[in-house]
There are 2 protein chains.
Amino acid sequence: MDWRRVPSLSALRAFETAARLTSYSAAARELNVTHAAIAQHVRKLEDHFGLSLMQREGQTMQPTADGARLSRSLTKAFGQIAEASEDLIVRDADHPLRIATTPSFAEYWLMPRIGGFWASHPDIRIEIAPSGDLVDLRADGFDLAIRYGRGNWPGLNAERLESAGHIVVAAPSVVGKDYVGCMSDLGDQHWLITGTSTEERVWLKENGLDLSKCRVTQMDVTALSLQAVRAGHGITIVPRAVAMGDIESGTLVALCEEIDSDVGYHILTRPDRVSPQLKTFISWLRKQRKTP
Amino acid sequence: MDWRRVPSLSALRAFETAARLTSYSAAARELNVTHAAIAQHVRKLEDHFGLSLMQREGQTMQPTADGARLSRSLTKAFGQIAEASEDLIVRDADHPLRIATTPSFAEYWLMPRIGGFWASHPDIRIEIAPSGDLVDLRADGFDLAIRYGRGNWPGLNAERLESAGHIVVAAPSVVGKDYVGCMSDLGDQHWLITGTSTEERVWLKENGLDLSKCRVTQMDVTALSLQAVRAGHGITIVPRAVAMGDIESGTLVALCEEIDSDVGYHILTRPDRVSPQLKTFISWLRKQRKTP
DNA sequence: CTCATATGTAAGCTCAGCTAACAGGTGTAA
DNA sequence: TTACACCTGTTAGCTGAGCTTACATATGAG
């Protein structure tokens, strides 16, 4: 292998990331460097090959035909390197199980229960990565993800953990402990919303409430909207599992609940990555859905 | 892609080379660094993964099972990167044609003729890499190789350029201009040999001469043995094409010649790498074999 | 045993990769 | 049209990852 004819691996990595994300800034964020480093690497590659690899299109950078050609191969090769690296980490019997999950699920469902797992399996280490981002189990090196949705995740094994239709909740001080009403009565309330998807808006609308006609405050994280709602500042809509603890303790009241919804939390695993520790964790998860 | 979980690409490259070559020294030579750099990179990877990747076996380093697993993937991935890089260099229409050939062929066959190519194709640049090493057309980025042998090169297109059985030559001052004799008469001569393969020794023996019983001086490069022979210091055995110029001019005399040999020089190309310039060069090569 | 060749380790050097700062470009909303 | 948010382009300077040097030890062959 004649490495003299291959440009810097760092430069190739920077280029691949920029081409994949069509943005130097995004590439810089993924690689934890400044955009200037990315720009310099791409420029260096263009000088090396005597070809243009990226071109500006408005506020994005698109690969040229030559650039696309190169980046396809690089994405494959670097993906292979990342996977090989991951596979070896897995072979270290002491590596912690890496779990990807949403911050709200981690906080309200998993954390209240995890003590039981630690008590019965003190030898198995867990690393929970709460993130609103959609992670790539393979490339990002996760053993398992818990995702909210309907169950269509190509290439992964999915097992339903818990139904979790939407639920609208408020503090008792806002609506009283024995609230009885319908959705359209809530039009005057102050809605504290976290990243509502189209799906939630459709459900609200089907039940007589148009969110665009209400007073809405956007929050970055579910934990923030929940705290504000607990304090009586307004109402919110969340997956049922997230609010169950509060409802049971009386901190929050369920105003409206989605019945027989097919959305829920699922356990996602890779077919090619199974370990005794992972199986033990999945077993434990299954047991949790039988204890409300 | 979570690059935080992937170790240094430089370290991975050093490891892959060491595992492939089963030697830190050889890896150091391929990468043009010291063995200490290789050793440190491998050590760093072992610390990162918490696994042993290489183990000492006498004066070699063999990959462990884990190491072999990783290096297989890396060899593929880095090979892909090298190829993608190469492909892009080729797309630069101005890149010179890279020709791999033995130093003696380059010197005695190609250089005396190349002026004709330059005269008729001044726009096509040529880069000739004379080397005794066996090159990998793909990984080392060559457009064409001229190799001496019988024509069995898997994965490459081979076309015979010229028959070139072995020939034993000497200066006229040593044996006279009109030498008539047989091989076994040459036992007393001083043989100046360049890396004789088993094949040459077998041929000499079939014709009555055991080289191990002669006075032999080993030379590193054919050019050196030929100069010594021209100066009358001894005799040598070379491929016919290499000595033809000298024989025709009378500088050297052919003592014994291999008849109807199936060894020769072949034009080797990659099926996946064809350019108009390359085709032009091959056409020119074909024409040269018709002009003695 | 000697010698050639190999790997192992630690300390110090240096330049490839990076940052900070400045500049200019693009898109959107008022 | 202006203001602003977000984007890429370029240059000069900094620094630690990658490397070398030096010393030590191990292995194999004659």
Side-chain angles (χ1 to χ4, degrees), chain A residues 1 3-49 51-64 67 71 74 78 81 85 218 220, chain B residues 1 3-49 51-64 67 71 74 78 81 85 218 220:
Chain A
M1 221 172 286
W3 285 103
R4 287 167 303 179
R5 288 174 69 84
V6 182
S8 147
L9 291 173
S10 293
L12 291 172
R13 177 173 58 190
F15 163 73
E16 185 274 331
T17 309
R20 175 162 42 87
L21 301 177
T22 64
S23 158
Y24 286 1
S25 302
R29 283 192 292 274
E30 176 165 312
L31 297 179
N32 283 297
V33 295
T34 61
H35 82 273
I38 306 293
Q40 284 180 22
H41 279 312
V42 172
R43 175 71 178 280
K44 203 189 307 176
L45 285 186
E46 287 178 330
D47 291 345
H48 177 92
F49 291 119
L51 296 169
S52 166
L53 299 176
M54 300 285 277
Q55 60 203 357
R56 187 132 184 206
E57 281 184 27
Q59 288 201 3
T60 70
M61 298 295 291
Q62 299 291 336
T64 60
S71 78
L74 292 178
F78 285 131
I81 290 172
S85 182
Q218 203 77 20
D220 277 356
Chain B
M1 220 171 285
W3 283 103
R4 287 167 301 180
R5 290 173 67 83
V6 181
S8 148
L9 291 174
S10 293
L12 291 172
R13 176 172 58 189
F15 163 72
E16 184 275 330
T17 309
R20 175 161 43 86
L21 300 178
T22 63
S23 159
Y24 287 179
S25 300
R29 282 191 293 272
E30 178 166 307
L31 296 178
N32 284 297
V33 296
T34 61
H35 82 274
I38 306 292
Q40 285 181 19
H41 279 312
V42 172
R43 175 72 178 279
K44 201 190 306 176
L45 285 187
E46 288 179 330
D47 290 344
H48 177 94
F49 291 119
L51 296 168
S52 166
L53 298 176
M54 300 286 277
Q55 59 201 357
R56 189 137 186 200
E57 283 186 25
Q59 290 203 0
T60 71
M61 297 296 292
Q62 300 290 336
T64 61
S71 78
L74 293 178
F78 285 131
I81 290 173
S85 182
Q218 201 78 20
D220 276 355

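Note that these values count all heavy atoms, side chains included, but never hydrogens, waters or copies made by symmetry. Lettering follows sequence order; numbering is per chain, from 1.
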What is the distance from [atom1] of [X] to [atom2] of [N], rounded to the nearest Å?
X	N	atom1	atom2	value
B:I38	D:dT20	CD1	P	9 Å
B:H41	C:dT7	NE2	C1'	16 Å
B:Q40	D:dT20	CD	C1'	9 Å
B:R13	D:dC19	CZ	P	7 Å
B:L45	C:dG8	CG	P	14 Å
B:W3	C:dC18	CH2	P	12 Å
A:E46	D:dG9	CD	P	9 Å
B:E30	D:dC19	CD	P	14 Å

*Determine the contact category for A:T34: base if any of its heavy atoms lies under 4.0 Å from a base atom, sugar-phosphate if only primed atoms, P, OP1 or OP2 are that close, otherwise nothing.*
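Base contact - A:T34 has a heavy atom under 4.0 Å of at least one base atom.
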*Could you tell me whether B:S23 contacts a base, only the sugar-phosphate backbone, or nothing, with contacts defined as non-hydrogen atoms closer than 4.0 Å?*
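Since only primed, P, OP1 and OP2 atoms lie under 4.0 Å of B:S23, the category is sugar-phosphate.
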Does [X] have a side-chain nitrogen or oxygen under 4.0 Å from the phosphate oxygens OP1 or OP2 of [N]?
X	N	answer
A:R43	D:dT10	yes
A:K44	C:dA16	no
B:Y24	C:dA6	no
A:S8	C:dG17	yes

Which nucleotide in the set [options] lies at the smallest distance from any side-chain heavy atom of [X]?
X	options	result
A:A36	D:dT20, D:dT11, C:dA6	D:dT11
A:Q59	D:dC19, D:dC6, C:dA4	D:dC6
B:R56	D:dT8, C:dT7, D:dA12	C:dT7
B:A39	D:dC7, D:dT20, C:dT9	C:dT9
A:M61	D:dT27, D:dT8, C:dT19	D:dT8

Look only at the side chain of [X] and the backbone of [Y], and say whether a donor-acceptor pair between them is shorter than 3.5 Å.
X	Y	answer
A:R29	A:L31	no
A:Q55	A:T64	no
B:S85	B:I81	no

_Looking at the base of D:dT8, is there any donor atom on it, or on the side chain of A:E57, that sits under 3.5 Å from an acceptor on the other one?_
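Under the 3.5 Å cut-off, the side chain and the base do not form any donor-acceptor pair.
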*Is any side-chain N or O of A:Q55 under 3.5 Å from a base N or O of D:dT8, one able to act as donor and the other as acceptor?*
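Per atom types, no contact qualifies.
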Measure the shortest side-chain to side-chain distance between [X] and [Y] over non-hydrogen atoms and say whether it is less than 4.5 angstrom.
X	Y	answer
A:F78	B:V6	no
A:P7	A:L12	yes
B:F15	B:H41	no

*Determine, answering yes or no, if B:H35 is stacked on C:dT7 under the 5.5 Å centre rule and the 30° plane rule.*
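Here B:H35 meets both the 5.5 Å and the 30° conditions.
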